[in-house]
**Student:** 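Handing you this structure, nothing more for now.
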Amino acid sequence: MDALVVSKCNRLSGKIKLYGAKNAILPIIAACVLTSDEVQLCGCPHLSDIDDMLAIIASIGGNVRFDGEQIFVCCKAVNPYTIDYALMRKIRSSVFILGPLLSRCGEAEIALPGGCEIGQRPIDLHLDGLKSLGVSVQECSQKNTVSCKGLPRGGIVKLKYPSVGATENLMMAAAIGTKKTVIYGAAKEPEIVDLAMFLNTLGARVFGAGTDLIVVEGKGRLHGARYRSVPDRIVAGTYMAAVGAVGGDVYIEGAIGDHLDAALHKFRLMGMDIMEEQRGIRVRQNGRIKAVKQTVTLPYPGFPTDLQPLLVAALCSAEGESVVTETLFENRFRYVYQLERMGADVILDGCNSVIIKGRSLYGAEVYAQDLRGGAALVVAALTAEGQTTVNGVEYIDRGYQSLGDELNLLGANIKRLTLQ
Ligand code: EPZ
């Protein structure tokens with residue numbers, strides 16, 4: 001496991017460019033299974049989750065190549081029975097392979113997905129939705145696998161919760177067929193809109209993405225494309241939280257304000273100066289940020305759960321007391337115990353809220369246990385006296401191309417240690 005040694009930082013300044021959004025590119029890579037033509041994806045970051053997703057595509061017979069920022073995927077022929085289960089169990093987004101395989105082959109057998117342990121993360125909404133489209137689903141609890149048969153025949157799906165992954169899987173399951181599919185209660189995240197735009201670039205007919213009612217009209221056959229995904233709004237929010245925590249003046253090139261409305265509103269309440277410009281967002285902060293009374297994470301357009309740890313990390317040095325409540329995942333506060341090792345005054349209140357009283361932090365040895373919790377430890381460490389060692393950088397590498405190097409471009413002093 002590698003570690004980041006983070007020294008206290010007094011100010012972040014300069015300009016940083018966003019790369020493509022992990023949570024858009026992952027379903028888009030899976031969607032390449034829907035066409036036998038080559039697809040070229042531009043502006044892609046080198047993240048371990050993306051590497052794992054490409055390896056899953058290769059395990060079913062797809063040709064994949066990652067050259068600089070360009071990903072090339074060509075699924076001339078796919079075999080739905082050779083999926084690499086070990087890889088499936090590594091990442092949550094492996095479940096996205098199900099919809100495209102069913103749409104293309106009419107059958108698939110997958111291992112239940114893995115991913116950051118921030119909660120149970122079942123896939124019942126995915127499977128119930130596929131059943132509504134006429135797919136037969138057999139779950140095997142001993143092997144933790146799911147076997148599906150039948151081409152999705154279109155129909156009506158009513159999601160009882162706006163699950164991002166279930167919405168994406170069902171859009172892809174419906175994309176080729178020959179019938180019409182209506183998804184009620186769909187998630188509305190910008191990454192859903194991006195996937196719909198990608199599918200339509202392949203020749204699909206997806207309408208209503210970004211609302212809670214999505215209609216997909218099967219197109220029979222889809223063709224290849226060249227596509228660039230939306231910028232990573234969670235990486236943008238991570239940089240903003242770091243500027244809030246430490247102070248400074250940073251221009252985030254490519255950041256789109258509309259994708260982060262709830263977060264920008266929160267950062268402004270904390271006293272930060274956020275200027276949405278034509279091609280990016282400028283963030284300025286002088287002195288300590290203010291505490292914010294209550295923040296509740298919600299599905300988009302609410303405050304994003306993926307920025308919850310980053311917000312808490314920034315609030316650890318704010319002036320006053322804040323409360324943050326997590327409503328999407330039941331185990332997304334493990335990083336709080338690591339913040340306490342740095343002297344943070346953060347108390348779990350029940351199982352889904354934390355109370356934070358801002359104070360100075362000091363350097364310590366801490367351990368990342370998931371992607372965004374790990375990034376939060378780095379943000380908190382920038383404000384801590386002395387040096388902090390953040391172990392488990394592999395978790396952070398899942399969603400940040402190189403968080404330490406990126407922050408060093410803005411004036412931080414972070415070194416990466418390769419341990420045993
Ligand atoms: C996506 O996960 C993102 N991952 C997550 O980002 C993000 O936190 C989440 O959406 C919410 O925005 C990717 O896109 C790869 P959900 P997903 O299905 O699709 C429950 C990151 O840090 N649920 O919207 O798994 C689930 O347990 C990651 O980049 C069911 O009960 O999220 C959770 O409590 C972390 N049954 C809630 O819904 C299901 O079938 C939201 O899950 C599916 C989900």
Side-chain angles (χ1 to χ4, degrees), residues 20-31 45 47-50 52-53 56 88 90-99 110 112-132 137 139 146 157-173 183 185-195 212 229-230 232-238 259-260 262-263 297-310 326-332 334-335 351-352 368-376 395-400 403:
K22 164 180 89 78
N23 291 349
I25 293 169
L26 290 169
I28 285 174
I29 290 173
L47 306 175
S48 56
D49 273 17
I50 288 181
D52 290 337
M53 194 68 193
I56 288 170
M88 280 224 60
K90 268 181 84 179
I91 57 175
R92 169 72 182 179
S93 37
S94 57
V95 70
F96 294 145
I97 201 78
L98 192 51
I110 64 163
L112 291 183
C116 284
E117 288 156 26
I118 52 178
Q120 271 301 310
R121 307 184 81 177
I123 60 168
D124 55 314
L125 299 177
H126 299 242
L127 302 181
D128 293 347
L130 290 170
K131 288 176 196 165
S132 310
V137 175
E139 297 179 63
V146 174
V157 179
K158 291 183 178 160
L159 286 175
K160 55 182 195 293
Y161 182 86
S163 154
V164 171
T167 303
E168 292 167 335
N169 231 335
L170 294 165
M171 281 162 63
M172 295 187 281
I183 304 171
K188 302 187 262 191
E189 275 69 2
E191 292 78 20
I192 306 265
V193 177
D194 204 29
L195 176 61
D212 60 3
S229 82
V230 289
D232 197 314
R233 63 193 173 103
I234 304 302
V235 171
T238 301
H259 292 177
L260 279 167
T297 64
L298 289 169
Y300 190 87
F303 188 90
T305 174
D306 292 347
L307 286 180
Q308 174 261 96
L310 286 308
E326 171 60 53
T327 67
L328 277 81
F329 293 105
E330 64 274 23
N331 189 27
R332 199 163 203 174
R334 287 188 302 170
Y335 66 92
C351 60
N352 69 344
Q369 296 161 296
D370 64 70
L371 163 55
R372 306 301 177 187
Y395 288 104
I396 302 172
D397 291 343
R398 303 184 57 166
Y400 297 88
L403 186 59

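What you are looking at is a predicted structure, and each value in this text was computed from that prediction instead of being measured. Residues take their numbers from the sequence shown, with the count starting at 1. We count ligands from 1, going down the list as the structure has it; atoms in each ligand are counted the same way.
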**Student:** Assess whether side-chain hydrogen bond (donor to acceptor under 3.5 Å, both in side chains) is satisfied between Thr297 and Gln308, documenting all intermediate values.
**Tutor:** CA-CA 7 Å; Thr297 64; Gln308 174 261 96; over 6 Å; no
**Student:** Using a strict cut-off of 4.0 Å, indicate which atoms of ligand 1 neighbour a heavy atom of His126.
**Tutor:** 40 (O)
**Student:** Heavy-atom distances under 4.0 Å are what count here, so tell me which part of Arg398 touches ligand 1: side chain, backbone, both or neither.
**Tutor:** neither
**Student:** Go through Asp124 and Lys160 one step at a time and tell me if the salt bridge (charged side-chain N to carboxylate O under 4.0 Å, His left out) criterion holds.
**Tutor:** CA-CA 11 Å; Asp124 55 314; Lys160 55 182 195 293; 3.6 Å; yes
**Student:** Hey, could you give me the CG/CZ distance between Asp370 and Arg332, rounded to the nearest 0.5 Å?
**Tutor:** 6.5 Å
**Student:** Which value, rounded to the nearest 0.5 Å, describes the distance between Leu112 atom CG and Glu139 atom CD?
**Tutor:** 7.0 Å
**Student:** Has Arg332 got any heavy atom lying under 4.0 angstrom from an atom of ligand 1?
**Tutor:** yes
**Student:** Which one holds for Arg92 and ligand 1: side chain close, backbone close, both close, or neither close, with close meaning a heavy atom under 4.0 Å?
**Tutor:** side chain
**Student:** Would you compute the distance between atom CD1 of Ile28 and atom CE of Met53 and round it to the nearest 0.5 angstrom?
**Tutor:** 11.0 Å
**Student:** Please state which part of Asp124 comes within less than 4.0 Å of ligand 1, counting heavy atoms only: side chain, backbone, both or neither.
**Tutor:** both
**Student:** With heavy atoms under 4.0 Å as the rule, classify the contact between Arg372 and ligand 1 as side chain, backbone, both or neither.
**Tutor:** side chain
**Student:** Does Ala187 come within less than 4.0 Å of ligand 1, judged by its heavy atoms?
**Tutor:** no
**Student:** At a non-hydrogen distance cut-off of under 4.0 Å, which region of Glu168 contacts ligand 1 (side chain, backbone, both, or neither)?
**Tutor:** neither
**Student:** Measuring from the heavy atoms of Ile118, does anything fall under 4.0 Å of ligand 1?
**Tutor:** yes
**Student:** Taking 4.0 Å as the limit for heavy-atom contacts, which would you say applies to Val164 with ligand 1: side chain only, backbone only, both, or neither?
**Tutor:** both
**Student:** Roughly how far, to the nearest 0.5 Å, is CD of Glu168 from CD of Glu189?
**Tutor:** 8.5 Å
**Student:** Using a heavy-atom cut-off of under 4.0 Å, does the side chain or the backbone of Tyr300 touch ligand 1, or both, or neither?
**Tutor:** neither
**Student:** Is Gln120 close enough to touch ligand 1? Criterion: a residue heavy atom under 4.0 Å from a ligand atom.
**Tutor:** no
**Student:** Going from OH on Tyr300 to CG on Leu260, what distance comes out if it is rounded to the nearest 0.5 angstrom?
**Tutor:** 8.0 Å
**Student:** Can an N or O of Thr305 be found at a distance shorter than 3.5 Å from an N or O of ligand 1?
**Tutor:** no
